[in-house]
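Quick notes on the structure that follows.
Hydrogens, waters and symmetry mates are skipped; everything else that's a heavy atom, side chains included, is used. Chain letters run A, B, ... following the sequence lines, proteins first and then strands; every chain starts at 1.
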Amino acid sequence: MEDQKTPAAPAQGKDFIRTIIDEDQSTGKHAGKVATRFPPEPNGYLHIGHAKSICLNFGVAQEYGGTCNLRFDDTNPLKEDVEYVDSIQADVHWLGFEWAAMYYASDYFERLYSFGETLIRTGKAFVCDLSADDVRAFRGTLTEPGRNSPFRDRSVDESLELFRKMRAGGFEDGSRTLRAKIDMSSPNINLRDPALFRIRKATHHRTGDDWCIYPMYDYAHALSDWIEGITHSLCTLEFEDHRPLYDWCLEALGLENRPRQIEFARLNLTYTILSKRKLLHLVTGGHVRGWDDPRMPTIAGLRRRGFTPEAIRDFCNRIGLAKRDSLVDVALLEHCLREDLNRRAPRFMGVLDPLRVVLTNLPEGVVEELDAVNNPEDPSQGTRKVPFTRVLLIERDDFREVPPPRYHRLSPGQEVRLRWGYLVRCQEVVKDASGTVTEIRCTYDPATRGGDAPEGRKVKGTIHWVSADHARAAEVRLYDRLFVAPEPDVAPEGSDFLSNLNPASLVVSNAARVERAAADAPPGAFFQFERLGYFTVDPDSGPERPVFNRSVSLRDSWAKIEKKTSARR
RNA sequence: UGGGGAGUCGACAAGUGGUAAGUCAGCAGUCUUUGGAACUGCCUAUCGGAGGUUCGAAUCCUCCCUCCCCAGCCA
């Protein structure tokens, strides 16, 4: 795995998982091997929370010279689909990782079944005829112990016969389960004779109708880990009290070289929802345009939004790893993107809300080719030519007839610099009948070509622009946070996270005009429209109509000044 | 009021008995042909609380408080 020089590798302060692995290495546990796995259930798209797990599992394997498998935890045919297995593979690859091997829990169904028979034979599991409701009733509560199933003590032979009949399709869904024989009075509810297999006459996306019984998560996961020789099975905190069951499964079968499950806190992000169920709801409810809507925290959404794998990996390295519940500021994610793109993205000029500027002292028909630097942060990206003509388009917001305090842009009588162009002075404002400014007339100073101000002349403002004749029309999609609340789930009584949806999370500009090179960029290309932010070309883009997504805005200190000064009044 | 976890600056997070890193955010500046970037300074955290052990504790002990997870034939 080359080309993954994610910056800011924490030199000191190893996280607790790597500390554990260090210890295992020094004591020679697992013969010094490190084998991890990323085990998604193919029932939804991967999101930024999964990225944390992916970076951890694949990262640890790389760092210790070990391996990391991709394993689909496909034990519930009712919820799973190939669309998801495809997207998951694509997303892991896109993030920059390559698995040592790819497996499906369903690859192990036969072995898992056979392990089930073994457990029956050794008196550690039994077929239970109780209905789901009855099982619940027998389970007890958090404070009261449960009661043994009346079928718990039936003979090994009877259970074996019943289990075979379950597999053969002889029973209806829900009529029977294979249960572990552990302890109905355990304070840990997961140990109260948990189900190991249930009947589900459903077509599986991989095994078709080969099976009508499917293993439960705890059982399948522990054994799959063991089968693959996983050494460190990393998962999130909610599985902490499943660990005794994970261990039980391996121990009951007398398996050696057992993997160790270690739990870490899942990622939570401000202004974001990271529940597969709720994300699915956003998609099916039409609140977004799909799993890859640029407002979604899915890997597919982030990719379409213009996030880079580098920025996401950097983010995952920076948020740290611990066991305490945390809520990471989404501003950190945005920061990581800006930092990456500032270094790498070429600059272009584009105007979102155009205002005509006529240079009265530049004759019509004259086209000057000016040199513009592609990336001030990276001279190797060179320069390009931009056409300068009599009629220009600037950002409407870069002109104020009555400039507020500390406004450094264009206003009547004032001078401003056109980036890479000339210094221009506003001489006249043209309005329509309703009083809307339709055009401003300026003079340019031929002595300031390239934007160089003569000795002693201070021009504070520099604005972007395009030539009206040369610019290309484009659609620009401005995205904002999907939710207005830092914790979307915190909603008033009677309402849910949907009530916190941001009505302005997408604002489309159809009036935008951009320089040609930007309009010709292929989908997925990223760049900065100077002073506006970082953008990427959306897949909706076509030769006739380029479509740009704003990935993230630039930090805007003027917005802060303006907010403060207006608040003061 | 069962069991399992967790509590260090606004947010993440180092620190594992020797006297509280770093990052993001925020604030104030410098600089600037992006009010971008970069750079500088500030952000005065005694470590959930109370006791105790110790020359010395965020780090050890005791008690207490708060928060999260678990009663799917989901994962």
- Give RNA chain B the dot-bracket treatment, 5' to 3': Watson-Crick (N1-N3 with N6-O4 or O6-N4) or G-U (N1-O2, O6-N3) under 3.5 Å, [ ] crossing, | other strand. .(((((((.[[[..)..(...]]].(((((.......))))).....[[[[[..)....]]]]])))))).....

- Task: Provide the distance between the two C1' atoms, one in B:rG17 and one in B:rA58, to the nearest whole Å.
- Result: 10 Å

- Distance, P atom - from B:rU66 to B:rC27, rounded to whole angstrom: 36 Å

- Please evaluate the base of B:rG4 for a donor-acceptor partner in the side chain of A:N188 within a cut-off of under 3.5 Å? no

- Backbone of A:D325 reached by a side-chain donor or acceptor of A:N268 within 3.5 Å: no

- Considering only atom P, compute the distance from B:rC63 to B:rU1 and round it to an integer number of Å. 14 Å

- Task: Take atom C1' in B:rA57 and the same atom in B:rU23, then report the distance between them in whole Å.
- Result: 27 Å

- Item | Any donor-acceptor N/O pair, A:T236 side chain to A:R266 backbone, under 3.5 Å | no

- Spacing of the C1' atoms in B:rA75 and B:rC43 (rounded, Å): 43 Å

- Message: Between B:rU62 and B:rA71, how many Å separate the two C1' atoms, rounded to a whole number?
- Response: 33 Å

- Could you check if the base of B:rG49 is syn or anti? Syn means the glycosidic torsion is within 90 degrees of 0. anti

- Message: Does A:R179 qualify as a cation-pi partner of A:F126, given the criterion of NZ or CZ under 6.0 Å from the six-membered ring centre and within 45 degrees of its axis?
- Response: no

- Answer yes or no: side-chain N or O of A:E238 and base N or O of B:rG4 forming a donor-acceptor pair under 3.5 Å. no

- Task: Rounded to whole angstrom, note down the C1' distance from B:rG15 over to B:rC55.
- Result: 22 Å

- Message: When you measure from the side chain of A:H204 to the backbone of A:D74, do you find a donor-acceptor pair of N or O atoms at a distance under 3.5 Å?
- Response: yes

- Given the C1' atoms of B:rA28 and B:rU34, what is the spacing between them in whole Å? 22 Å

